[in-house]
Amino acid sequence: MAIEYTFSIIKPDATRRNLTGKINAVIEEAGLRVVAQKRARLTREQAEGFYAVHKERSFFGELVDFMVSGPVVLQVLEGENAVAKYREVMGATNPANADEGTIRKLFAESIEANSVHGSDSLENAAIEIAYFFAQTDIVG
Ligand code: ADP
Ligand code: MG
C-alpha cells in the first residue's frame, strides 16, 4: 500500500458546534495524520471554484451558501491509502445512509450539512490540496 495525501474540509455545521477536535480524533484513530491545517472563511468565489464540478446540480447555490456560512477547517491528511480510507471514515454523503462510527453518522445534520468533505480520487486530492495549500505548508 502506498502513502497518499488527501484533502479534507471540516464544514461550517461542524465548526459552529465546536466539533473540530472530535472530528480530528476520529481521523487520527483511523490512522490518518493531519499534516496541514488552517481555519478559514471561504469566499463565495473560492467555494464556487472548489465545487465547480457540481455547478449544474440543483443544490449548487445552496451548497455554496452553506460553505460560506461560517468558518471551515482546511486539512491535508496523510496515510496509507488515505483517499479511500478517509472516504470510509467520513461515511455516506447522506448521514441517514452512513455506517456506524463514521464522521457523518456521528456528527452530520443533513445531506447538505454533512460535517466533512474528502477528496474522491488521488487526482482530485492533488488538485484540491493545491487549491488551498502551498507544498511548504505540508509538514509530514
Ligand atoms: P461527497 O461530499 O460525499 O463527495 P458529493 O460530491 O456528491 O458528496 O456532493 C458534494 C456536497 O454537496 C455534499 O457533501 C453535500 O454537502 C452536498 N450535497 C450532495 N448532495 C446533496 C443534495 N441532494 N442536497 C443538498 N446538498 C447535497
Ligand atoms: Mg464529492
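Because only heavy atoms are used, hydrogens play no part in the values below, and waters and symmetry mates are left out as well, while side chains stay in. Model, not experiment: these values are computed from the prediction. Counting starts at 1 for both ligands and their atoms, following the listed order.
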Less than 4.5 Å apart, any side-chain heavy atom of Arg87 and any of Asp120? yes
Candidate with minimal heavy-atom separation from atom 12 (O) of ligand 1, of Leu63, Ile9, Val64: Leu63
Centre-to-centre under 6.0 Å for Tyr5 and Phe133, is that the case here? no
Pair Tyr51 and Phe60, ring centroids less than 6.0 Å apart: no
If you measure from the Lys or Arg side-chain nitrogens to the Asp or Glu carboxylate oxygens, is any gap between Asp65 and Arg44 under 4.0 Å? yes
Ion pair present between Glu109 and Arg17, side-chain N to carboxylate O less than 4.0 angstrom? yes
Within ligand 1, which atoms have a heavy atom of Asn114 less than 4.0 Å away? 13 (C), 14 (O), 15 (C), 16 (O)
A student checking ligand 1 against Thr93 at a 4.0 Å heavy-atom cut-off should list atoms 1 (P), 3 (O), 8 (O), 13 (C), 19 (C)
Considering only the protein, which heavy-atom contact is closest to atom 16 (O) of ligand 1, and what is its distance? Glu112 O, 2.8 Å
min-distance protein heavy atom vs atom 19 (C) of ligand 1 -> Phe59 CZ, 3.5 Å
Hey, is [X] one of the residues with a heavy atom under 4.0 angstrom from ligand 1?
X      : result
Arg104 : yes
Arg87  : yes
His54  : yes
Glu62  : no

If you measure every N or O of His117 against every N or O of ligand 1, does any of those distances drop under 3.5 Å? no
At under 4.0 Å between heavy atoms, what of Ile111 touches ligand 1? The answer is both
Proximity to ligand 1 by part of Met90, non-hydrogen separation under 4.0 Å: neither
Can any side-chain N or O of Tyr131 pair as donor or acceptor with the backbone N or O of Gln46 at less than 3.5 Å? yes
May I ask you to check if Lys38 and Phe132 form a cation-pi contact, with NZ or CZ under 6.0 angstrom from the six-membered ring centre and within 45° of the axis? no
Nearest 0.5 angstrom please: Leu19 CG to Ser115 OG, how far? 6.5 Å
